[in-house]
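Only one structure is covered here, and it is reproduced in the block below.
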Amino acid sequence: MSTVTTPAPVERRESLDFIRTIVKEQTQDGRYNGRVVTRFPPEPNGYLHIGHAKSICLNFGVAEDFGGICHLRFDDTNPETEDMEYVEAIQRYVRWLWFDWKDKLFFASDYYEELYDFAERLILDGKAYVDSLNEEEIRQYRGTISEAGRPSPYRDRSIVENLDLFRRMRAGEFPDGAHVLRAKGDLAAANMKMRDPLLYRIRHATHYRTGDAWCIYPMYDYAHPISDAIENVTHSICTLEFENNRAIYDWLLDSLFNEPRPHQYEFARLVLDYTIVSKRKLLQLVEEKHVKGWDDPRMPTLAGLRRRGYTPEGIRLFAQRIGVDKTNSRVQIDLLESAIRDDLNARAPRVMAILRPLKVTIANFPEGKTEWLTADYWPRDIDKEGTRDVPLTREIYIEQSDFSETPPDGWTRLRPGGEVRLRHGYFLRCDEVVKDPATGKVVELRCTYDPDSAGKPSGAARKKSAAVQWVSAPLSIPAEVRLYDRLFTVPDPEDVEPGKTFKDYLNPNSLEVLQDCRLEPSLDAAQIGERFQFVRQGYFIVDPDSRPDALVFNRTIELKEGFQAPGREEPAPNAAIARSASRATESSATPTGADNATGSVSQQRERARAANPSLAQRYEYYTNVLNLTPEQADVLTGDVAVADFFDAAVSRHANPRALANWTANEVVRELRGRSIDQLPFGGVELAELVQLIDQQAITNAAAKTVFAEMLANGGHPAAIVKRLGLDQSLSEADLAAAVDQVLAAMPAKVAEYKGGKTALLGMFTGQVIKATGGKASPQAVQELLKQRLDNGAN
RNA sequence: UGGGGAAUAGUUUAAUCGGCAGAACAGUUGACUCUGGAUCAACCAGUUGGGGUUCGAAUCCCUGUUCCCCAGCCA
């Protein structure tokens, strides 16, 4: 049997994630002429892990979905940490996931010359300078999050001097740290990243690709955006912690390139329960021998997962199912495991293996006889065919856990005097239990089989007994089987108690090696990397440690447990405890009632009133005389222009309450940064609109339409109403017709409504109002709808 | 404490214009089964709190709360 070697089709999500939504819009509006170019930009200084898999699936997946391409670019701008070994490993695992970068393999180090030229151009444009402060001084000068930075004394060097210095930096005239190239950003920027970010530093180090050709190296914030632009990337997708860096990204590309240029979008990185992905910590696990290496099957590296037996398809399925969003989240391990099982279920042939053997002698089976029974590789529900023969002999092994002297309720396996089916074979009855007199441990079962029961239905009496796996004692083959459990005992190993480290949460039982396992003989020729389901136990893969006649299997994952045998040790009981504990911590934070508003926006308005007595007076007037709520008055008096707008409205139409609502809710929302007097209409026009509502000349819904029109093009409400034909001239007959038409068009929904789903009334209402062009009044519509629907008249 | 982000079932996520809160995983129950698997069916369960606008709010307005990121010559 060999495992399938083409990617299985992966299920699709029905809706687009926010990145794909953006890409779709932009391909449709032609911004990039329909081009979609993404990139996966690893730094070759470590191994890929499950978190990278999410990013790979996103970047390559988006390209695939929109007929574009994803570049594989190594972001190798730090000579001290990078290595060719990682470059190769990374390529290997991207390919393993079945992704293809075609001929688009790039290295930032190939752009060093170009990058350098752009830097000179920035200098020439007066946008970058050589700073000669040392590292500590630069930190000092940068300020903190609450205080602005100060300009470096070297910030105003002349272009000529900057150019000269920068060229000499390149020429190797200075030692490490003597100078850096910095962008002229904004030292007072609240975004720390914009306080004159470093572009180049001096490093007399040998680069794994460029050797000693360079002694200045670009920083990520400089190299990354320009590399994207050089490659004509359209969508540069990265994780959330780079959100602040986007300001540099945009600043740099706007300085150097024209639209359409690349743009950066950020998504939330994967955080998986019971897993760490920090390079430093992973390295520590390897170096301190908590695991056997980078590809230890307990490691979250792609190397580890592969060796464990996880499939690329399963991992892609997992990525598909967790989706992409900007919410920081923790994914339960079940989601991953379930995806892997789903994939393996359809592709791993079933075989019989005994992990913890219990000897069974079948008393009525002739000594020396071997009966070959035909066994299917696949269960009925899998659409695949294939069989092999398994030998039955007088002495066999079954799983220790399939026998119990004192079984609990609901036990379907073997018990003294009880029966089970030998899978693919006969029924077996346990007649006698043989124990070690010294320990009292069960060492053998004496049984008899029913020679007439092979291949026949179990019958009612035997229906609820299990069908257990077994192997011939003399004809089975030995194997080592390695059982893995989660590496950590807590969901979040990085969330450590004081005085502890993540290593204190290592699961001591994460690996269990079974030496005395017995496999059915068909497994004799199993190849490294082949996957099987050991019936009723889980999915297993042949480990590279295997030698001829000394097979080693890794348990990829257990089958979903439908029944937990009592007495069987649960390896990670702390899991449930830890989980409920973490939940308790989460919910222990009880919201406290807010006394005084301290939000910055409300503070600004308060400050405005404090600074301007006229606003303060108006606040009093609005609350005391016009009877507005404090909240309304607050919003209206935070800005003179807004208050003026409102006053103008009130003087035109004396309904302060309604005008306040419109101003505070609808008008303010549309400002979005601009001042209220930049709107194409004023308070007077708003008042005219409200007056039309008050006079019942138009409905509220129609008023919203008019408002949108005023917003777009200005104009007088009455004129717009006329132009749009929104006068409330809907006759009762017209309304009734609209209602009937809507109901007739949706018989299924009507039935649902009558079945009790009254929430549909809103939907019907909306439909009718739309059908009448906003002319119908909601109250009238709903009254009529209820009449029609509740009378049950058909 | 400044700036930037994010809050929808236990978990990960959907929800065109303001109009039916929909899935998957987990859990529970049942059917089926020569895997206590798979499959099928059903159930459980949700809009971060408080106000407001509206006939109608996850969605709009106001106001709280919580969480994440930023002060590397790392990426």
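When reading the values below, keep in mind they use all heavy atoms of this one structure, side chains included, and skip hydrogens, waters and symmetry mates. Convention: sequence-line order gives letters A, B, ...; per-chain numbering from 1. Not measured: the values here are computed from a predicted model.
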- Item | Short side-chain N/O contact to B:C73 OP1/OP2 from A:Arg142, under 4.0 Å | yes
- Message: Measuring from the side chain of A:Val535 (C-beta onward, heavy atoms only), which nucleotide among B:U35, B:A6, B:U63 has the closest atom?
- Response: B:U35
- Could you tell me whether the phosphate oxygens of B:A14, OP1 or OP2, come under 4.0 Å of any side-chain nitrogen or oxygen in A:Arg321? no
- Query: Quick one: do A:Glu337 and A:Lys560 make a salt bridge, cutoff under 4.0 Å?
  - Reply: no
- For B:C67, does the O4'-C1'-N9-C4 (purine) or O4'-C1'-N1-C2 (pyrimidine) torsion place it in syn, i.e. within 90° of 0, or in anti? anti
- Look at A:Arg413 and B:U35 and indicate whether a side-chain polar atom (N or O) is within less than 4.0 Å of OP1 or OP2. no
- Query: At under 4.0 Å between heavy atoms, what does A:Arg423 touch on the DNA or RNA strands: base, sugar-phosphate, or nothing?
  - Reply: base
- Message: When you measure from the side-chain N and O atoms of A:Arg421 to the phosphate of B:U35, is any distance below 4.0 Å, counting only OP1 and OP2?
- Response: no
- Query: Between A:Leu240 and A:Tyr539, who's closer to the 5' end of RNA chain B by nearest nucleotide?
  - Reply: A:Leu240
- Message: Once hydrogens and angles are ignored, does a donor-acceptor distance under 3.5 Å link the base of B:G37 to the side chain of A:Gln533?
- Response: no
- Atom NZ of A:Lys279 with >12 non-hydrogen neighbours under 6.0 angstrom: yes
- Item | Candidates B:U13, B:G4, B:A75 - which lies nearest the side chain of A:Glu243 | B:G4
- Query: Would you say A:Lys24 has more than 12 foreign heavy atoms packed within less than 6.0 Å of its NZ?
  - Reply: no
- Message: Ignoring hydrogens and geometry beyond distance, is the side chain of A:Lys193 in donor-acceptor contact with the base of B:C70 at under 3.5 Å?
- Response: no
- Item | Separation of B:C73 P from A:Arg182 CZ (nearest whole Å) | 8 Å
- Sugar-phosphate only, base, or nothing, as touched by A:Thr144 at under 4.0 Å among non-hydrogen atoms: base
- Message: I'd like to know whether the aromatic ring centres of A:Tyr220 and A:Phe242 sit less than 6.0 Å apart in this structure.
- Response: yes
- Query: How would you label the contact of A:Leu181 with the nucleic acid (heavy atoms, under 4.0 Å): base, sugar-phosphate, or nothing?
  - Reply: nothing
- Task: Verify whether the ring centers belonging to A:Tyr200 and A:Tyr222 lie closer than 6.0 Å.
- Result: yes
- Message: Using a 4.0 Å heavy-atom cut-off, does A:Gly455 contact any base of the nucleic acid, only the sugar-phosphate backbone, or nothing at all?
- Response: base
- Minimum-distance nucleotide to A:Arg536 side chain [options: B:U35, B:U63, B:C73]: B:U35
- Hits for salt bridge (Lys or Arg N to Asp or Glu O under 4.0 Å) against A:Glu136, two or more places apart or cross-chain, chain-then-number order -> A:Arg139
- Item | Phosphate OP1/OP2 of B:U13: any A:Ser329 side-chain N/O under 4.0 Å | yes
- Side-chain N or O of A:Thr81 closer than 4.0 Å to phosphate OP1/OP2 of B:C74: no
- Which of the following nucleotides, B:C34, B:C17, B:G37, is nearest to the side chain of A:Ala467? B:C34
- Query: Given atom CG of A:Leu335 and atom P of B:A9, what is their separation to the nearest angstrom?
  - Reply: 15 Å
- Task: In plain terms, say whether A:Asp450 and A:Arg462 are close enough for a salt bridge, that is, a side-chain N and a carboxylate O under 4.0 Å apart.
- Result: yes
- Query: Which one, B:C34, B:A75, B:U63, comes nearest to the side chain of A:Val601?
  - Reply: B:U63
- Query: So which nucleotide from B:A75, B:C61, B:G19 ends up closest to the side chain of A:Glu43?
  - Reply: B:A75
- Query: What string of B, S and - do you get for nucleotides 53-58 of chain B 5' to 3' if you count protein non-hydrogen atoms under 4.0 Å?
  - Reply: SSB---
- Message: At 4.0 Å (heavy atoms only), tell me whether A:Ile382 reaches a base, stays on the sugar-phosphate, or touches nothing.
- Response: nothing
- Item | Syn-anti status, with the boundary at 90° from 0, for the nucleotide B:G50 | anti
- Query: For A:Ala375 and A:Val390, which heavy atoms make the closest approach, and how far apart are they?
  - Reply: CB-CG2, 4.3 Å
- Message: Can you identify which nucleotide, out of B:C62, B:C20, B:U33, has its nearest atom closest to the A:Lys463 side chain?
- Response: B:U33
- Item | Separation of atom CZ in A:Phe646 from atom P in B:C61, rounded to whole Å | 19 Å
- Taking the side chain of A:Ile145 as heavy atoms from C-beta outward, which of B:G2, B:C62, B:C73 is closest to it? B:G2
- Query: Under 3.5 Å, is there a donor-acceptor pair between the A:Asp228 and A:Ser236 side chains?
  - Reply: yes
- Message: Under 4.0 Å, counting only non-hydrogen atoms across every strand here, what does A:Glu135 touch: a base, just sugar-phosphate, or nothing?
- Response: base
- With a non-hydrogen cut-off below 4.0 angstrom, is A:Arg139 in contact with a base, only sugar-phosphate, or nothing? sugar-phosphate
- Query: Have A:Glu43 and A:Thr81 got a donor and an acceptor in their side chains that come within less than 3.5 Å?
  - Reply: yes
- 5'-most by nearest nucleotide on RNA chain B - A:Ala664 or A:Lys279: A:Ala664
- Item | Sugar-phosphate only, base, or nothing, as touched by A:Asn134 at under 4.0 Å among non-hydrogen atoms | base
- Task: Mind checking A:Gly425 for me? I need base, sugar-phosphate or nothing, with any heavy atom below 4.0 Å counting as a touch.
- Result: base
- Task: Would you write the dot-bracket representation of RNA chain B, where each base gets (, ), [, ], | or . depending on whether it forms a Watson-Crick or G-U pair under 3.5 Å and with which partner?
- Result: .((((((..((((.....[..)))).(((((.......)))))....(((((..]....))))))))))).....
- Query: So what does A:Arg203 hit on the nucleic acid, given a heavy-atom distance under 4.0 Å: a base, only sugar-phosphate, or nothing?
  - Reply: base
- Query: Within 45 degrees of the axis of the six-membered ring of A:Tyr141 and under 6.0 Å from its centre: does A:Arg150 put its NZ or CZ there?
  - Reply: yes
- Whole-Å distance, A:Leu48 CG to B:A75 P, equals 18 Å
- Task: Report yes if a side-chain nitrogen or oxygen of A:Ser146 is closer than 4.0 Å to either non-bridging phosphate oxygen (OP1 or OP2) of B:A71; otherwise report no.
- Result: no
- Of the listed nucleotides B:A14, B:G5, B:A26, the one nearest the side chain of A:Lys326: B:G5
- Message: By the 4.0 Å heavy-atom rule, please label A:Asn244 as base, sugar-phosphate, or nothing.
- Response: base
- Message: Any base atoms under 4.0 Å from A:Asp176, or only sugar-phosphate, or nothing? Heavy atoms, all strands.
- Response: nothing
- Query: Do A:Phe534 and A:Tyr539 have ring centres separated by under 6.0 Å?
  - Reply: no
- Task: Using a heavy-atom cut-off of under 4.0 Å over every strand shown, decide if A:Tyr753 touches base, sugar-phosphate, or nothing.
- Result: nothing
- Message: Quick check for you: among B:C62, B:C25, B:G3, whose closest atom lies nearest to any side-chain atom of A:Asn191?
- Response: B:G3
- Ignoring hydrogens and angles, tell me if any N or O in the side chain of A:Arg341 forms a donor-acceptor pair with the backbone of A:Glu558 under 3.5 Å. yes
- Using a 4.0 Å heavy-atom cut-off across all strands, classify A:His224 as base, sugar-phosphate, or nothing. nothing
